[in-house]
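First listed ligand is number 1; within each ligand, the first listed atom is number 1. These numbers come from a predicted model, not from an experiment.
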Amino acid sequence: MARLKQQYEAEGYYGIGVIHAETEHNIGSLWRSAFILGASFIYTIGRRYKKQSSDVTHAWTKIPLYHYATFADFRENLPHATKLVALEMTENATPINEFTHPPRAVYLLGCESSGLSPEILAECHSVVSLPGGYSLNVAVSGSIVAYDRQSKLPRPLPSRP
Ligand SMILES: C[S@@+](CC[C@H](N)C(=O)[O-])C[C@H]1O[C@@H](n2cnc3c(N)ncnc32)[C@H](O)[C@@H]1O
């Protein structure tokens, strides 16, 4: 009997999150963008997120939010064969237009007031920077990297469903 060979999507998956986020609104905005732009999950490290109402898409019903008490806990539980990609403005960062997104990636954003520390950056597989000489809002940064990832897929998401 002939066996049916199953076809799987080759694009992998990604998650995106923030360490020590200071503003609830930013997590809500990031959650919404992440869901719309194809993320599988979002996460917070350190400070917990309390649901706020500005997300009209109810992204919390679509993709989960995971919480990690510490960076060490998060790092230990990084999914198998998945790259940790930091978003930060640093001298050695790869500009996003030159960056090839790993098939399985978890993107990490820093807190609003102080960003990602050198110790945390050293734990990441890559560091990516966004264009412009000034720091962007954390949820905007997350939305841009999510957009960039999907735009580089062999089949980017359609503009209309
Ligand atoms: C508001 S920024 C932190 C700014 C902080 N005051 C500083 O100077 O480091 C919050 C986070 O957004 C992301 N971000 C903002 N602008 C970025 C850029 N141009 N490139 C990459 N990541 C950026 C980073 O993850 C950063 O830690």
Looking only at heavy atoms, what is the nearest atom pair of Ser141 and Leu109, with distance? CB-CD2, 3.8 Å
At less than 4.0 angstrom from any non-hydrogen atom of Val128, what atoms of ligand 1 do you find? 21 (C)
Distance under 4.0 Å to a non-hydrogen atom of Ser135: what atoms of ligand 1 satisfy this? 1 (C), 2 (S), 3 (C), 4 (C), 15 (C), 16 (N)
Any N/O of Val138 closer than 3.5 Å to an N/O of ligand 1? no
How far is atom 24 (C) of ligand 1 from its nearest protein heavy atom, and which residue and atom name does that atom have? Leu87 O, 3.1 Å
What protein heavy atom is closest to atom 21 (C) of ligand 1, reported as residue, atom name and distance in Å? Glu88 N, 3.4 Å
Contact atoms of ligand 1, heavy-atom distance to Leu109 under 4.0 Å: 25 (O)
Which atoms of ligand 1 are found less than 4.0 Å from any heavy atom of Leu116? 27 (O)
Taking the minimum heavy-atom distance to atom 6 (N) of ligand 1, which of Gly115, Ala93, Ser113, Ala86 ranks first? Ser113
So which of Ala139, Ser117, Gly110 gets nearest to atom 10 (C) of ligand 1, if we judge by its closest heavy atom? Gly110
Mark yes or no for whether Arg149, through its side chain, and His101, through its backbone, hold a donor-acceptor pair below 3.5 Å. no
Under the 4.0 Å line, does any protein heavy atom show up next to atom 8 (O) of ligand 1? no
With a cut-off of 4.0 Å, which atoms of ligand 1 are near a heavy atom of Glu112? 1 (C), 3 (C), 4 (C), 5 (C), 6 (N)
Single-linkage hydrophobic cluster, 4.5 Å side-chain cutoff, Tyr13 and Phe99 together: no
At their closest point, which heavy atom of Gly142 faces which heavy atom of Leu30, and how far apart are they? CA-CD1, 3.7 Å
What atoms of ligand 1 come within less than 4.0 Å of a heavy atom belonging to Ser129? 20 (N), 21 (C)
Ligand 1 to Leu130, heavy atom cutoff 4.0 Å, flagged ligand atoms 18 (C), 19 (N), 20 (N), 21 (C)
Between Val18 and Gly110, what is the shortest heavy-atom contact and its length? CG1-O, 3.7 Å
Smallest separation among heavy atoms of Asn26 and Ala139, with atom names: O-CB, 3.5 Å
Structural part of Asn137 in contact with ligand 1, heavy atom criterion under 4.0 angstrom: neither
Do me a favour and list the nearest non-hydrogen protein atom to atom 23 (C) of ligand 1 with residue, atom name and distance? Ser141 OG, 3.7 Å
Using every non-hydrogen atom in the two residues, find where Arg104 and His80 come nearest and quote the distance to one decimal. NE-O, 4.5 Å
Within 6.0 Å of OH in Tyr147, more than 12 heavy atoms from elsewhere: no
Atom 18 (C) of ligand 1: which protein heavy atom is closest, and how many Å away? Met89 CG, 3.2 Å
Proximal atoms of ligand 1 relative to Cys111 (non-hydrogen, under 4.0 Å): 3 (C), 10 (C)
Polar-atom distance check: Gly132 versus ligand 1, any N or O pair below 3.5 Å? no
Within the side chain of His67, is there an N or O that forms a donor-acceptor pair under 3.5 Å with the backbone of Gly46? yes
Specify whether Tyr43 and Tyr68 have parallel, tilted or perpendicular ring planes, treating 30° as the upper limit for parallel and 60° as the lower limit for perpendicular. perpendicular
Quick check: does any side chain N or O of Glu88 sit under 3.5 Å from a backbone N or O of Leu121, one acting as donor and the other as acceptor? no
Can you tell me which residue and heavy atom of the protein come closest to atom 16 (N) of ligand 1, and the distance to 0.1 Å? Leu136 N, 2.8 Å
Shortest non-hydrogen pair, Ala34 vs Tyr14, comes out as O-OH, 4.0 Å
